[in-house]
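To keep things clear, I will list the structure first and then write my remarks on it.
Both backbone and side-chain heavy atoms feed into the values below; hydrogens, waters and symmetry mates do not.
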Amino acid sequence: MMYSSRRKPVLYFKEDRRNETPKAPRPEECNQFCSGKCTVYKLFGLCVVLVLVSLLWLQLSCTGDMSRVVVDDRRLLHQPCPLERQASAADDPSWGPHKLALLIPFRERFEELLVFVPFMHTFLNNKKILHKIFVINQMDHYRFNRASLINVGYTESGNDTDYIAMHDVDLLPLNEALDYGFPEEGPFHVASPELHPLYHYKAYVGGILLLTKQHYHMCNGMSNRFWGWGREDDEFYRRLRTAGLRLFRPSGIKTGYKTFRHIHDPAWRKRDQKRVAAQKQEQFKVDPEGGLTNLQYKLESRQELTISGAPVTVLNTKLECDTDKTPWCLLN
């Protein structure tokens with residue numbers, strides 16, 4: 001009897017709970033419920049705020065002045081934003097109607113290329129210069145031929161560019177006042193002798209030289225006879241004079257030999273300065289016929305790449321050599 005009497009209140013209590021009208025929650029129960037619910041809302045709101053702040057920061061970093069390049073001896077910090085700036089520049093009349101083909105003759109200098117391409121892309125964007133960067137990569141087993149590679153770059157640069165820059169990969173312009181605009185009046189030697197950190201003779205036209213495609217064609221390009229390092233620029237200076245073209249150089253630049261940064265390390269990668277056979281005599285002669293008209297090469301492939309967000313077209317090229325005319329294209 002005690003067992004059954006103890007169970008009855010329990011059964012009776014359950015039936016009452018099931019049938020009675022629901023009562024309002026007690027204040028202490030409401031406070032516990034609300035505090036848990038409010039904590040969830042707070043977390044959700046905090047997440048939303050963080051997402052909005054992140055999107056705002058990303059937008060500002062790509063549209064503001066956060067695409068600057070910081071370069072030191074071994075480090076390159078670059079925001080990959082100039083791609084969008086370049087794409088929209090064609091619709092901005094302040095950039096002008098002309099487009100530059102930046103031609104870089106190249107072989108096995110990747111450390112310098114990784115610095116050069118994003119640096120120049122940002123530099124030219126800041127100056128509102130429409131441009132396309134071409135790396136003409138020599139893949140054959142002949143000696144390096146800078147002049148022939150520039151001829152290849154001119155030939156393969158397409159009709160959407162109307163002037164070229166013959167540009168060394170190890171030379172970075174540091175002065176924003178340097179002009180990379182369309183050289184309508186005549187060839188413009190950006191790296192002039194009084195500014196270049198290494199070469200200071202009057203007839204020097206190497207390093208960085210701008211020409212309209214029309215003027216380059218008038219010179220028949222550069223001579224293909226120069227295998228190894230040097231002398232092709234001196235021969236091209238004579239071609240400019242023969243074509244009746246006036247050479248222009250920067251004025252009002254006060255930075256002197258600190259106008260450019262030369263990033264080539266001669267101790268790490270020595271230049272091919274060897275002169276063999278008749279090359280010693282031929283290197284000082286004018287090539288009256290050679291140039292674009294007798295250029296021989298094979299374009300192995302064309303690759304569209306980006307380096308730290310900067311677009312670049314790599315022309316993998318194999319040059320051809322007539323060993324009867326220029327046996328010094330091979331080192332014995």
Kindly compute the distance separating [atom1] ([X]) from [atom2] ([Y]), expressed to the nearest 0.5 Å.
| X | Y | atom1 | atom2 | value |
| --- | --- | --- | --- | --- |
| L295 | T155 | CG | OG1 | 5.5 Å |
| H98 | T212 | NE2 | OG1 | 10.0 Å |
| N151 | L292 | CG | CG | 4.5 Å |
| Y204 | Y199 | OH | OH | 6.5 Å |
| K99 | Y163 | NZ | OH | 11.0 Å |
| Q138 | L149 | CD | CG | 5.0 Å |

For the residue pair [Y] / [X], report whether a side-chain donor-acceptor contact shorter than 3.5 Å exists.
| X | Y | answer |
| --- | --- | --- |
| H131 | H121 | yes |
| Q296 | N294 | no |
| K213 | T161 | yes |
| N220 | T293 | yes |
| Y201 | D234 | yes |
| E304 | T313 | yes |
| S301 | Q303 | no |

Inset, instruction - Sequence neighbours left out, what pairs pass disulfide (SG to SG under 2.5 Å) with at least one residue falling in residues 134-185? - result: none

Judged by atom type as modelled, is there a donor-acceptor pair below 3.5 Å linking the side chain of [X] to the main-chain atoms of [Y]?
| X | Y | value |
| --- | --- | --- |
| R143 | W328 | yes |
| T122 | F119 | no |
| D168 | D170 | no |
| K258 | L174 | no |

Would you say that more than 12 heavy atoms from the other residues, nucleotides or ligands in this model lie under 6.0 Å from the [atom1] of [X], or not?
| X | atom1 | answer |
| --- | --- | --- |
| H217 | NE2 | no |
| E176 | CD | yes |
| E185 | CD | no |

Legend entry - SB check K318 E320 (cutoff 4.0 Å): no

Inset, instruction - Starting from the C-alpha separation in whole Å, work towards a yes-or-no answer on side chain to side chain contact (heavy atoms under 4.5 Å, CB included) for F182 and I129. - result: CA-CA 9 Å; F182 185 73; I129 301 292; over 6 Å; no

Inset, instruction - Identify which one of Y216, F134, Y297 satisfies the ring pair (Phe, Tyr, Trp, His ring centres under 6.0 Å) criterion when paired with Y154. - result: Y216

Inset, instruction - Indicate, with yes or no, if M139 and L319 share a hydrophobic cluster defined by side-chain heavy-atom contacts under 4.5 Å among Ile, Leu, Val, Met, Phe, Trp and Tyr. - result: no

Legend entry - Heavy-atom closest contact (H262 atom, P197 atom, distance): CB-CG, 4.0 Å

Legend entry - Pairing residues for F116 by the ring pair (Phe, Tyr, Trp, His ring centres under 6.0 Å) criterion, not counting sequence neighbours: H167

Legend entry - Option from R225, R146, R238 for which salt bridge (Lys or Arg N to Asp or Glu O under 4.0 Å) with E232 holds: R146

Legend entry - With L247 via side-chain contact (heavy atoms from CB on, under 4.5 Å) - residues at least two apart: P187, H189, V205, L209, Y237, L240, R249

Inset, instruction - Show your working on side chain to side chain contact (heavy atoms under 4.5 Å, CB included) between F236 and L211 and close with a plain yes or no. - result: CA-CA 12 Å; F236 190 69; L211 300 95; 3.9 Å; yes

